[in-house]
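Quick notes on the structure that follows.
First the proteins, then the strands, lettered A, B, ... as listed; each starts at 1.
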There are 2 protein chains.
Amino acid sequence: MAFENYTIKDIAKALNLSPSTVSRALRDSYEISIETKKMVLDYAEKINYRANPIARSLKERKSYSIGIVVSEIANNFFSQVIDGIESVAYAKNYQVVISQTHESSERERLNVEHLYSRSTDGLLMALSAETVDTTYLEDLMKKGFPIVFFDRVPAQLRSHKVIADNRQGGFEAVQYLAKKGRKKIAHLTGAKKLSITIERLEGYKTALMANGLDFSPSLVKYCQYGGLHQQEIEQAVAELSQEDYDAIFVSGDKLTTGYLQAMKEREDVNVHHVMIAGFTNSKVVSIFSPTITAIRQPAFEMGERAAELLIQQIESKHAVEEFQTVVLPTVLIEQK
Amino acid sequence: MAFENYTIKDIAKALNLSPSTVSRALRDSYEISIETKKMVLDYAEKINYRANPIARSLKERKSYSIGIVVSEIANNFFSQVIDGIESVAYAKNYQVVISQTHESSERERLNVEHLYSRSTDGLLMALSAETVDTTYLEDLMKKGFPIVFFDRVPAQLRSHKVIADNRQGGFEAVQYLAKKGRKKIAHLTGAKKLSITIERLEGYKTALMANGLDFSPSLVKYCQYGGLHQQEIEQAVAELSQEDYDAIFVSGDKLTTGYLQAMKEREDVNVHHVMIAGFTNSKVVSIFSPTITAIRQPAFEMGERAAELLIQQIESKHAVEEFQTVVLPTVLIEQK
DNA sequence: GTGAAAGCGCTAACAG
DNA sequence: CTGTTAGCGCTTTCAC
């Protein structure tokens with residue numbers, strides 16, 4: 001079941017050259033004469049020669065591929081980030097390898113190690129909801145393996161980071177609800193320790209205060225897996241139904257749709273009584289019922305920026321010492 | 001920027017063994033004594049040795065990874081298929097590499113060639129909407145490179161295939177609408193030449209006939225990119241608005257949500273006048289408005305089956321000559 | 001301007 | 001049971 005492909009040796013033999021000359025010609029080295037180059041290139045073209053990237057990787061310790069680690073591709077936000085990453089990567093001749101953690105820190109570690117040992121040249125990642133220990137990432141980074149984080153970033157690690165302005169997003173969402181006259185605004189959010197959870201909660205609190213509303217811990221519900229399991233949302237909704245709230249700010253893509261679903265399934269609550277604002281990058285918010293106000297993250301751009309930073313770091317001659325944190329604004333979209 | 005990792009040689013040196021002995025011990029070869037194995041394994045564990053899969057791939061012409069080629073991961077159906085593939089692949093110790101074509105046949109070709117040359121051991125793919133020429137795939141398959149198709153499969157190629165029962169799905173959808181008393185049932189569908197388009201159209205026609213309804217070509221609208229561009233859907237909806245239809249059968253995930261959006265944006269039509277049934281694997285159909293009846297494909301299972309067939313083919317000693325086409329039933333889900 | 005030779009890390013005859 | 005050797009396809013000194 002072997003499929004014979006042409007190698008540099010084959011070309012060398014056919015053209016009565018040495019493999020090294022062919023290699024150099026193919027890479028357009030200055031040492032090789034124009035005629036030889038043309039001859040080699042023409043022949044390579046003719047036989048449809050494809051260099052073996054595996055061999056090249058082994059030799060060069062570089063693969064021109066970058067890894068992506070996200071929790072779920074079935075998440076509007078992440079799939080849009082990936083599109084942004086791809087657009088930059090392809091333009092710079094890097095391949096992209098995508099992997100999912102499904103919010104499991106074990107799976108995350110396996111994926112990272114695999115991508116690392118497969119000689120991806122660097123990683124773009126958003127931490128899983130479960131992840132607390134990031135020392136293995138730190139170890140890799142110390143070895144010189146470039147990792148750029150986006151969305152869910154580790155506070156304790158020094159690296160490039162690209163995030164949305166989550167405080168602003170949270171603030172604007174809650175501000176919006178408050179201006180509509182809502183007095184008891186609940187908050188449904190993800191894993192407690194994630195950066196995005198913390199920042200959005202801050203925005204929520206600031207907006208409450210700015211509008212003279214009290215903060216009530218019982219109105220804040222956490223979902224450890226960020227809504228990956230519908231059951232955790234239902235639980236939160238059940239708990240919230242004990243409270244007399246008139247609006248809610250939801251802090252994530254899956255949580256937002258999951259909340260709508262959970263509400264629809266409950267007979268005891270009036271779905272349209274609660275005003276909803278939530279983080280979501282769904283492209284079909286307009287067909288959701290009940291109507292919601294969406295906080296949208298610049299996902300595509302986030303992917304682009306993160307990929308640019310990563311490739312820059314990969315290609316830099318010296319170890320990068322100055323790390324950037326790029327913060328992108330969120331957008332609030334009201335439904336008619 | 002090189003990161004030193006331990007190699008087999010390092011272990012050999014430290015333990016006063018030859019590299020081959022170490023290699024064999026690591027691979028649990030029967031030739032090696034228990035004591036040596038233990039010694040090697042312990043030491044490897046201690047220094048946290050990781051085999052270099054690149055070197056192994058180069059040597060073995062096998063990478064224990066399989067490639068996936070789909071049009072969009074931001075598609076409920078495809079992301080669920082991918083989850084199914086992953087579940088099987090991981091269980092059998094294969095890694096998975098995902099790539100997107102965005103319905104471009106050029107991108108598809110680039111992705112396939114990349115995955116092939118990167119020594120993925122085989123491919124799981126659903127054709128892009130644009131693809132007509134599949135000869136390059138045939139060439140690869142002739143060389144012995146295993147490809148299993150799912151969902152959008154090429155009629156002319158001999159290979160394993162896993163598809164949903166698209167005729168049945170189409171039939172049931174239209175049957176449902178007819179039983180509800182609808183008389184003029186339109187059909188919104190994808191690229192004309194795709195297998196899924198053809199089969200679902202057949203189901204549509206059969207159901208019309210079975211219910212004594214006439215087939216009218218002007219009620220069938222094709223979207224060349226399967227709804228990837230909202231504009232093509234809007235165009236179709238605009239055309240359909242000239243027709244006096246009371247129900248519609250939509251033939252794809254993006255098309256279904258896209259149709260709902262397009263209807264919502266048009267002021268001239270009464271959204272709730274048209275009864276809708278459509279293929280979609282969205283997990284949030286229940287929060288769509290207007291309400292639709294969903295035809296769901298067993299996406300996860302499709303991924304599982306396809307992955308099983310592929311791995312089986314990869315690991316088979318002889319060239320596979322007998323190809324299967326697995327057909328999985330669709331499920332109709334009515335909303336309350 | 002071109003070739004010979006070594007080596008990336010691993011595996012697998014072949015010898016002993 | 002273990003070691004020696006060659007080689008996967010490519011790049012890259014170092015010669016000439």
Inset, instruction - To the nearest 0.5 Å, tell me how far Ser104(A) OG sits from Arg109(A) CZ. - result: 12.0 Å

Inset, instruction - Hey, could you give me the CD/OH distance between Glu315(A) and Tyr94(A), rounded to the nearest 0.5 Å? - result: 3.5 Å

Inset, instruction - Compute whether any side-chain donor of one residue and acceptor of the other, for Asn52(A) and Arg56(A), lie under 3.5 angstrom apart. - result: no

Legend entry - Comparing Pro19(A) and Arg50(B) on DNA chain C - which has the more 5′ nearest nucleotide: Pro19(A)

Inset, instruction - Give Ser57(A) one of three labels, base, sugar-phosphate or nothing, depending on what nucleic acid heavy atoms sit under 4.0 Å from its own. - result: nothing

Inset, instruction - Using a heavy-atom cut-off of under 4.0 Å over every strand shown, decide if Leu17(A) touches base, sugar-phosphate, or nothing. - result: sugar-phosphate

Inset, instruction - For Ser20(B), report the nucleic acid contact type (base, sugar-phosphate, nothing); a contact means any heavy atom under 4.0 Å. - result: base

Inset, instruction - Just call it for Asn16(A): base, sugar-phosphate, or nothing, with non-hydrogen atoms closer than 4.0 Å on any strand. - result: sugar-phosphate

Inset, instruction - Show your working on side-chain hydrogen bond (donor to acceptor under 3.5 Å, both in side chains) between Glu31(B) and Ser29(B) and close with a plain yes or no. - result: CA-CA 5 Å; Glu31(B) 305 171 274; Ser29(B) 158; 3.2 Å; yes

Legend entry - Distance, rounded to the nearest Å, where Ile32(B) contributes CD1 and dA12(C) contributes P: 13 Å

Inset, instruction - Kindly say whether, by distance alone, the side chain of Arg61(A) makes a donor-acceptor pair under 3.5 Å with the base of dG9(C)? - result: no

Inset, instruction - Scan Glu31(B) against the nucleic acid and name what it touches under 4.0 Å (heavy atoms): base, sugar-phosphate only, or nothing. - result: base

Inset, instruction - Would you kindly check if the NZ (Lys) or CZ (Arg) of Arg305(A) is within the cone defined by 45 degrees around the ring axis of Phe300(A) and under 6.0 Å from the six-membered ring centre? - result: no

Inset, instruction - Look at Ser18(A) and dG3(C) and indicate whether a side-chain polar atom (N or O) is within less than 4.0 Å of OP1 or OP2. - result: yes

Inset, instruction - For Glu35(A) and dG1(C), give me the distance from atom CD to atom P, rounded to whole Å. - result: 9 Å

Inset, instruction - Give a yes/no answer on whether the side chain of Lys9(A) brings an N or O atom under 4.0 Å of OP1 or OP2 in dC8(D). - result: yes

Legend entry - Between dA12(C) (C1') and Ile8(B) (CD1): distance, integer Å: 12 Å

Inset, instruction - Answer yes or no: does a side-chain N or O of Thr36(A) lie under 4.0 Å from OP1 or OP2 of dG1(C)? - result: no

Legend entry - Between dC10(C) (C1') and Ile54(A) (CD1): distance, integer Å: 13 Å

Inset, instruction - Measure from NZ or CZ of Lys62(A) to the centre of the six-membered ring of Tyr64(A) and say whether it is under 6.0 Å with the direction within 45° of the ring axis. - result: yes

Inset, instruction - In whole angstrom, give the distance that lies between atom CG of Asp28(B) and atom C1' of dC1(D). - result: 14 Å

Inset, instruction - Calculate the interatomic distance between Leu58(A) atom CG and dG7(D) atom C1'; express it in whole Å. - result: 12 Å

Legend entry - Under 4.0 angstrom between Ser23(A) side-chain N/O and dT11(D) OP1 or OP2: yes

Legend entry - Lys59(A) NZ - dA6(C) P separation (whole Å): 12 Å

Legend entry - Short side-chain N/O contact to dC8(C) OP1/OP2 from Thr7(B), under 4.0 Å: no

Inset, instruction - Would you tell me if any nitrogen or oxygen in the side chain of Tyr30(B) comes within less than 4.0 Å of OP1 or OP2 on dT2(D)? - result: no

Inset, instruction - Classify the side chain of Arg24(A) versus the base of dG3(C) as yes if they form a donor-acceptor pair under 3.5 Å and no if they do not. - result: yes

Inset, instruction - Verify the contact: side-chain N or O of Lys62(A) to OP1 or OP2 of dT11(D), cut-off strictly under 4.0 Å; return yes or no. - result: no

Inset, instruction - Determine: side-chain N/O of Arg56(A) to OP1/OP2 of dT11(D), distance under 4.0 Å, yes or no. - result: yes

